[in-house]
Engineer: 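After the structure tokens below, expect a handful of questions from me.
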Number of protein chains: 2
Amino acid sequence: MQTAFRNDIPAPALAPALSPVSPLLRPERESPTLGTVRTFTKDEEIFMEGDNAAFVYKVVSGGVRTCKLLNDGRRQIAAFHLLGDFFGIEVGQEHRFTAEALGDCKVIAYRRRGLDVLSGGETLSEQLMTALMRALERAQAHMLLLGRKSAQEKIAAFLLDLAEREIDHRHIELPMARIDVADYLGLTIETVSRTLTQLERQGVIAMPAHRRSIMLKDKAALQRLDA
Amino acid sequence: MQTAFRNDIPAPALAPALSPVSPLLRPERESPTLGTVRTFTKDEEIFMEGDNAAFVYKVVSGGVRTCKLLNDGRRQIAAFHLLGDFFGIEVGQEHRFTAEALGDCKVIAYRRRGLDVLSGGETLSEQLMTALMRALERAQAHMLLLGRKSAQEKIAAFLLDLAEREIDHRHIELPMARIDVADYLGLTIETVSRTLTQLERQGVIAMPAHRRSIMLKDKAALQRLDA
DNA sequence: CGTATGTTTGACGCGAATCAATTTTCGTGG
DNA sequence: CCACGAAAATTGATTCGCGTCAAACATACG
């Protein structure tokens, strides 16, 4: 299905000096060429999760995989990038996933600039660009959840994520029904319900009678579950 | 985890008339206000997959779910959007997923302009914006695959997707190993291998001895499998 | 109240994972 | 070119997590 960042357009033309380039991602100006070609061999790492995201990449030959890992080694590949595809675009300072060569391959690395402009953009289009990248980060994290996590791990991650958005980080008011939780986590309502009562019996969470709010009694336990 | 398009920034300030707004997504200029508030009740549809993507939305109160459906009703929610989150950003003319209210809620609708500028942008930043949105679309489709499809359906979708990228749309040269396919589709190598030989026995595909290339003998059968 | 809707609980079955073994492919050096 | 060992892919037997089916229970609402 997905080989993201698909893009058949040839290497970008040099923008006229005063063209309205978005401040978010600007080509290197000092360099007469817009990017540097780099070569990799099979399974070689192009960048790792946590690396400084100084470059944006485009595949020239061969293929690349971008993936996320759980601490026990389970892996979810978010996308394959083939000829012409971009990868490594980030909202923040660092890469949120690892990129490795599928086989021998060549990529162009474009230097990024003005990254910090991203936080707190004021125009609608800047906000949208930021929202878009955040959404993509979240989508990648969610793919890891959907593809590689157990029911317990999914629920734990979900609760921790929701709690982050509450004023009191230990108390959740669920704004959605069980069926929505199930369809979000790739489970059934029965499994969602069973897993919640299981966590309740273990004393990790507590739920009042109407079951629409959840108290996180043992956040550390949830974090342990969230592989 | 994921409640995509997270954005705590207040409503965007009106950009100065000549600020370098990206041509991709531009606020309505004719209107003195930047958006229109709309109210929805529980399960009410905000927009549907296929609708014209004339607006971009932001949650003001309550919550929204964006989801994709398979023809038999299986559903995958890509994200929940709560206070301050944007949703409905699209690369093309139409929405790629459905948005519905989780409960009573209010959203601001920002009118979009200059959408067609998207195709064939020439500067690097325009290409990146396009790549970013394409990647998000693909990530959403992949979430549906990971969360709701069977092994056969996953493999079928994967083969059809790869075939699209080949010169001959009926012949695939796999650039990656089985383990990569497995980690992309949320399966094990054993299941990938078994499913491929199963499809081969059914006469849907054919593989030579070295098993690195695949001929699609019955594309229609694959499309039927790809729910 | 009574009906509809949402949630929980239980019994059972199936699809995919796990465990294990074999076969094939491929890289390396004789 | 062939022999060897390592890595990749396939195949089989078995297990198990989660889905399915079904029913009871709770909550919301007219």
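Chain letters run A, B, ... following the sequence lines, proteins first, then strands; residues in each count from 1.
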Engineer: Expressed as a whole number of angstroms, how long is the span from B:M176:CE to D:dA9:C1'?
Structural biologist: 16 Å
Engineer: Among the candidates C:dT18, C:dT25, D:dT27, find the nucleotide nearest to the side-chain atoms of A:H210.
Structural biologist: D:dT27
Engineer: Ignoring hydrogens, what is the shortest heavy-atom contact between A:K42 and A:L102? Give both atom names and the distance.
Structural biologist: CG-O, 3.6 Å
Engineer: Rounded off to whole Å, could you give me the CG-to-P distance for the B:L174 and D:dA8 pair?
Structural biologist: 15 Å
Engineer: Does B:T197 make a side-chain N or O approach to OP1 or OP2 of D:dT11 shorter than 4.0 Å?
Structural biologist: yes
Engineer: With a 4.0 Å limit, can you tell me whether B:R211 has a side-chain N or O closer than that to the phosphate oxygens OP1/OP2 of C:dT24?
Structural biologist: no
Engineer: Could you tell me the separation between the CD1 atom of B:I155 and the P atom of D:dT10, rounded to a whole number of Å?
Structural biologist: 10 Å
Engineer: Just the rounded figure in Å: distance from P of C:dT18 to CD1 of B:I179.
Structural biologist: 11 Å
Engineer: With B:I214 as reference, evaluate B:L159, B:L199, B:L162 under the side chain to side chain contact (heavy atoms under 4.5 Å, CB included) test and give the passing residue.
Structural biologist: B:L159
Engineer: Does A:R194 get its side chain close enough to the base of D:dG17, under 3.5 Å, for a donor-acceptor pair?
Structural biologist: no
Engineer: Consider only side-chain N and O atoms of B:T41 and B:E44, and report whether a donor and an acceptor are under 3.5 Å apart.
Structural biologist: yes
Engineer: Could you give the CD-to-C1' distance, from A:Q198 to C:dT9, as a whole number of Å?
Structural biologist: 13 Å
Engineer: Test your reading of the model: is there a side-chain donor-acceptor pair from B:K149 to the backbone of B:K154, 3.5 Å cut-off?
Structural biologist: no
Engineer: Look at the side-chain N and O atoms of A:T191 and state whether any lies under 4.0 Å from the OP1 or OP2 oxygen of D:dG19.
Structural biologist: yes
Engineer: Establish, with yes or no, whether the OP1 or OP2 oxygen of C:dT7 is under 4.0 angstrom from a side-chain nitrogen or oxygen of A:R212.
Structural biologist: yes
Engineer: Could you check whether A:R138 pairs with B:D85 (Lys NZ or Arg NE/NH1/NH2 to Asp/Glu carboxylate O, under 4.0 Å)?
Structural biologist: no
Engineer: Rounded to the nearest angstrom, tell me the gap between atom CG in A:D72 and atom P in C:dT18.
Structural biologist: 10 Å
Engineer: Can you tell me the distance, in whole Å, between the CD1 atom of A:I205 and the P atom of C:dT7?
Structural biologist: 14 Å
Engineer: Base, sugar-phosphate, or nothing: which does A:L196 touch, judged by heavy atoms less than 4.0 Å apart?
Structural biologist: nothing
Engineer: For A:R148 and for A:A177, locate the closest nucleotide of DNA chain C by heavy-atom distance; then report the residue assigned to the nucleotide nearer the 5' terminus.
Structural biologist: A:A177
Engineer: Any idea which of C:dG10, C:dT7, D:dG19 is nearest the A:S193 side chain?
Structural biologist: C:dT7
Engineer: Grab the CD-P distance between A:E190 and D:dC25 for me, whole Å please.
Structural biologist: 17 Å
Engineer: May I ask you to verify if any side-chain N or O of B:R178 is less than 4.0 angstrom from the OP1 or OP2 atom of D:dT10?
Structural biologist: yes
